[in-house]
4 protein chains.
Amino acid sequence: MAADPDARLRADARRNRDQILAAAREMFAAQGPDAPMEEIARTAGVGVGTLYRRFPDREALIRAVAQESFAQVLDEARAATAEEPTAWDALVRLVGRSHQLRVTIQLALVSARAREILHDDPRTGEFREALMAELDRTIKTAQAAGTMRPDVGAGDVAIMLSQILRQPTTNHDLATLAFDRTLSIMLDGLRTRPGESLPGRPITAEDLRDR
Amino acid sequence: MAADPDARLRADARRNRDQILAAAREMFAAQGPDAPMEEIARTAGVGVGTLYRRFPDREALIRAVAQESFAQVLDEARAATAEEPTAWDALVRLVGRSHQLRVTIQLALVSARAREILHDDPRTGEFREALMAELDRTIKTAQAAGTMRPDVGAGDVAIMLSQILRQPTTNHDLATLAFDRTLSIMLDGLRTRPGESLPGRPITAEDLRDR
Amino acid sequence: MAADPDARLRADARRNRDQILAAAREMFAAQGPDAPMEEIARTAGVGVGTLYRRFPDREALIRAVAQESFAQVLDEARAATAEEPTAWDALVRLVGRSHQLRVTIQLALVSARAREILHDDPRTGEFREALMAELDRTIKTAQAAGTMRPDVGAGDVAIMLSQILRQPTTNHDLATLAFDRTLSIMLDGLRTRPGESLPGRPITAEDLRDR
Amino acid sequence: MAADPDARLRADARRNRDQILAAAREMFAAQGPDAPMEEIARTAGVGVGTLYRRFPDREALIRAVAQESFAQVLDEARAATAEEPTAWDALVRLVGRSHQLRVTIQLALVSARAREILHDDPRTGEFREALMAELDRTIKTAQAAGTMRPDVGAGDVAIMLSQILRQPTTNHDLATLAFDRTLSIMLDGLRTRPGESLPGRPITAEDLRDR
DNA sequence: GATGAATGAGCGTTCATTCAT
DNA sequence: TATGAATGAACGCTCATTCAT
């Protein structure tokens, strides 16, 4: 349980670390993973040196932000599965609530640089695996219950989500509205329905593993 | 009064300009709109000086690339409307063929910086208006024909498209498959269908004007 | 003969390049190979950017300075061999005239960092090889003539020289005097003489190759 | 009036101080006098704060290390004089045994920065004076006995030694061999011998005082 | 008194833009 | 007119030193 190497920091150092992570999350979301380190530090209310003491370079900071984010999404997903009556409801809830996690998922998926960095990070990898496994279970359950079309895989859903979740963050009201509507359209597209089936084959969790 | 400020260039200058635009389009697509000017010039086979003679700064270059792209998409859209039997078919074709225009659309939508720059550019604005008008017509026709659900607007569709069109460019086979499937799912979501209607109100072309 | 990649520079660029090399030689001699790049540029009368355009990083600059230095010493050595009546005279002349090359040899031998960098540079390696071959010939000739003690190798002499040549550069008059005298004492130690022979075995040119 | 400002430290503080000095000696020898303070502290097994409590800045630390070193060399020199049968033997022994003191002497002589710092330090100055006096005595005795050439002064010998003692520390076997041989050649050069005398005039202890 | 966290100045390097050739 | 050389501002990162715990 003591996997976190920073578990035993002095109280003030701990606070600084958290502020840095929060600032980085915001700035990465707003400007992408190349946001100036100095500005991140300033936003966090610390000097650059402090930032670098906690995170030896930009990559380490990106990894830390990503891990935190993935962990949160995983928690959300598990809570949804546990608390919702049907798998479809769990999916809808996860997807709807992820709203607040949009910024963090952006980071993990939008930038080529960030993806490269995270690709080789085992901790991020574990979270991703667990998250995909959870999603896979939910989808299969919904398909078995006949509420979700049978010709989609966890990979399809993950890719669609990752795309919706990266809406630009300007004009907040409109963005929120668009998000909710796009989501509903997608969910409608995922429901069991008559008609032609999708081109190709389902994209699975495995397909995404070596992206 | 000449609409195109570069209409009367010497032949070799014209060629340079085109090569620069082509190079910029490729590099923007590959690396985003911050790609080094020097590298763009080198790819175009000219010196930086020549690049700056044609496009006084990066913003001007971004605007020029975007205008060209928008014009192409507009052409595509009009051709689809003219040649396809139904509005739904026109939409499907536009959306499917845009495949080749993905990279250029990426530029216009993906980067916060590029969007800001384009926001104030009247020529890009005109293209955008025309394109949205075309899309609006198509959608309304399809809705009148009963093939598209009535509770979506041109803004909804534009936003959804802009999201699908920015898939990460790695792992090309998987990306293509994912693109085709996501597109199909979305189109299925857009078809006329029984069930609850979407949250909020339709997003229109006007809504996007001041994004 | 056109091995130099910078042979065809514009006149002003050529001049800048030479000024940068000269400035670097001086500053490396005075402060070691970690001298601030900015200060080197300022001394050369150019901006940092210009320095970096010519020499993509510090290592490249160090290599360039070293190559130039080694080439000069090699020229000196060959001229001495060609023009002096005996091998001993050639050695004395080389060693005495090297006075002006002291600073440059310092760079090549004094700093651990510089040596590492130069170790893998093939051009520097060639110069070193040629220089050691020349020295080896001179020494063997002098030994055959009976003027130099037979139990020393080119490596011994090179090491001794490299040590004398790195005198600190403060207090110039005294340094010059000390240099001349130390040199004479060393040469006296190298002359054929009765008495015990040296410990160990002669250090050869080969011994130094993989230092 | 207490000569040693740290004479009355608590036992543990004393131990800390000694460990810091030892660590600094090693790191200065290995990396030069710019070795990171933090690393020195870590090697010494203390926090940086402790290091700075004992030595208010880097200069103070350099001075302390140098004083310790000089004191040791002085002890060596006096022991050699006292225990060896002739002055020449004492010189040979001092020079040969200094082997172990090489690293510390390096510090005092090799870096421009360190020399500057030590130049104005009275305590280091005293040690240097005493050492030079000892060397001067030894040399004059040997010259009076006819074993050392009469045209060299203590300054000549000190300079020569300081040069040999700064061999690069890589490739240890070869370095040791080279050291022993260079030393022997130099000593041979210092012996009484027929032939031309040295250029200029002897360099004395006084000459070095204001280097 | 000891610790190690925080600060910020400083250097290396890149790249947009200007300008001499 | 085309070129590519020169400039310098900006950002990443390191490390000496100070200071809260």
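What you see below is based on every heavy atom in this structure, not just the backbone, and it leaves out hydrogens, waters and symmetry mates. Chain identifiers are assigned alphabetically (A, B, ...) following the order of the sequence lines, protein sequences preceding nucleic acid strands; residue numbering begins at 1 within each chain.
The CE-C1' distance, from C:M27 to E:dC11, rounds to 13 Å in whole Å. The interatomic distance linking C:D34 (CG) with F:dT14 (P) rounds to 15 Å, in whole Å. Distance CZ (C:R42) to P (E:dG10): 12 Å, rounded to an integer number of Å. With rounding to whole Å, C:L61 atom CG is found 16 Å from E:dC11 atom P. Rounded to whole Å, the distance from CD1 on B:I40 to C1' on F:dT3 is 17 Å. Rounding to whole angstrom units, CD of residue D:Q31 and P of F:dT14 are separated by 15 Å. The distance between atom CD of A:E39 and atom P of F:dC11, rounded to the nearest whole Å, is 8 Å. Note: CZ (C:R15) to P (E:dT21) measures 8 Å, nearest angstrom.
Nucleotides of DNA chain E nearest to D:V46 and C:P56 differ in position, and the one nearer the 5' end is that of D:V46. Each of B:L51 and D:E38 has a nearest nucleotide on DNA chain F; the 5'-most of these lies closest to B:L51. When the nearest nucleotides of DNA chain F are assigned to A:R58 and C:G47 by heavy-atom distance, the more 5′-ward of the two goes with C:G47. Comparing B:D57 and A:G49 by the nucleotide of DNA chain E whose heavy atom lies nearest to each, the residue mapping closer to the 5' end is A:G49.
Within 6.0 Å of CD in B:E116 there are 12 or fewer heavy atoms belonging to other residues, nucleotides or ligands. No more than 12 heavy-atom neighbours from other residues, nucleotides or ligands sit within 6.0 angstrom of CD on C:E38.
When heavy atoms are screened at a 4.0 angstrom cut-off, A:A35 is found touching the sugar-phosphate backbone but no base atom.
Residues D:L21 and D:E68 share a closest heavy-atom pair of CD1-OE2, 3.8 Å. Across all their heavy atoms, C:F28 and C:A35 have their closest contact at CD2-CB, 4.4 Å. Closest approach of C:I20 to C:L51, counting heavy atoms only: CD1-CA, 3.8 Å. Residues D:I40 and D:A23 approach most closely at O-CB, 3.7 Å, considering heavy atoms.
At E:dA2, one or more side-chain N or O atoms of D:R54 fall inside 4.0 Å of OP1 or OP2 (strictly under the cut-off). Side-chain nitrogen and oxygen atoms of C:Y52 include none within less than 4.0 Å of the OP1 or OP2 phosphate oxygen of E:dT14. Contact between the side-chain N/O atoms of B:N16 and the OP1/OP2 oxygens of F:dA2 is found at a separation under 4.0 Å. Between C:T50 and F:dT7, a side-chain N or O to OP1/OP2 separation shorter than 4.0 Å is present. The shortest distance between the side-chain N/O atoms of C:R53 and the OP1/OP2 oxygens of F:dA6 is not below 4.0 Å.
Here E:dA9 is the nucleotide among F:dA16, E:dA9, E:dT17 with the atom lying nearest to any side-chain atom of A:V48. The side chain of A:D12 sits closest to E:dA5 out of E:dA5, F:dA5, F:dT1.
Taking a pair to require two hydrogen-bonding distances under 3.5 Å in either a Watson-Crick or a G-U wobble arrangement, F:dT21 pairs with E:dA2. Across all strands shown, E:dC15 pairs with F:dG8; the Watson-Crick or G-U wobble distances both stay below 3.5 Å.
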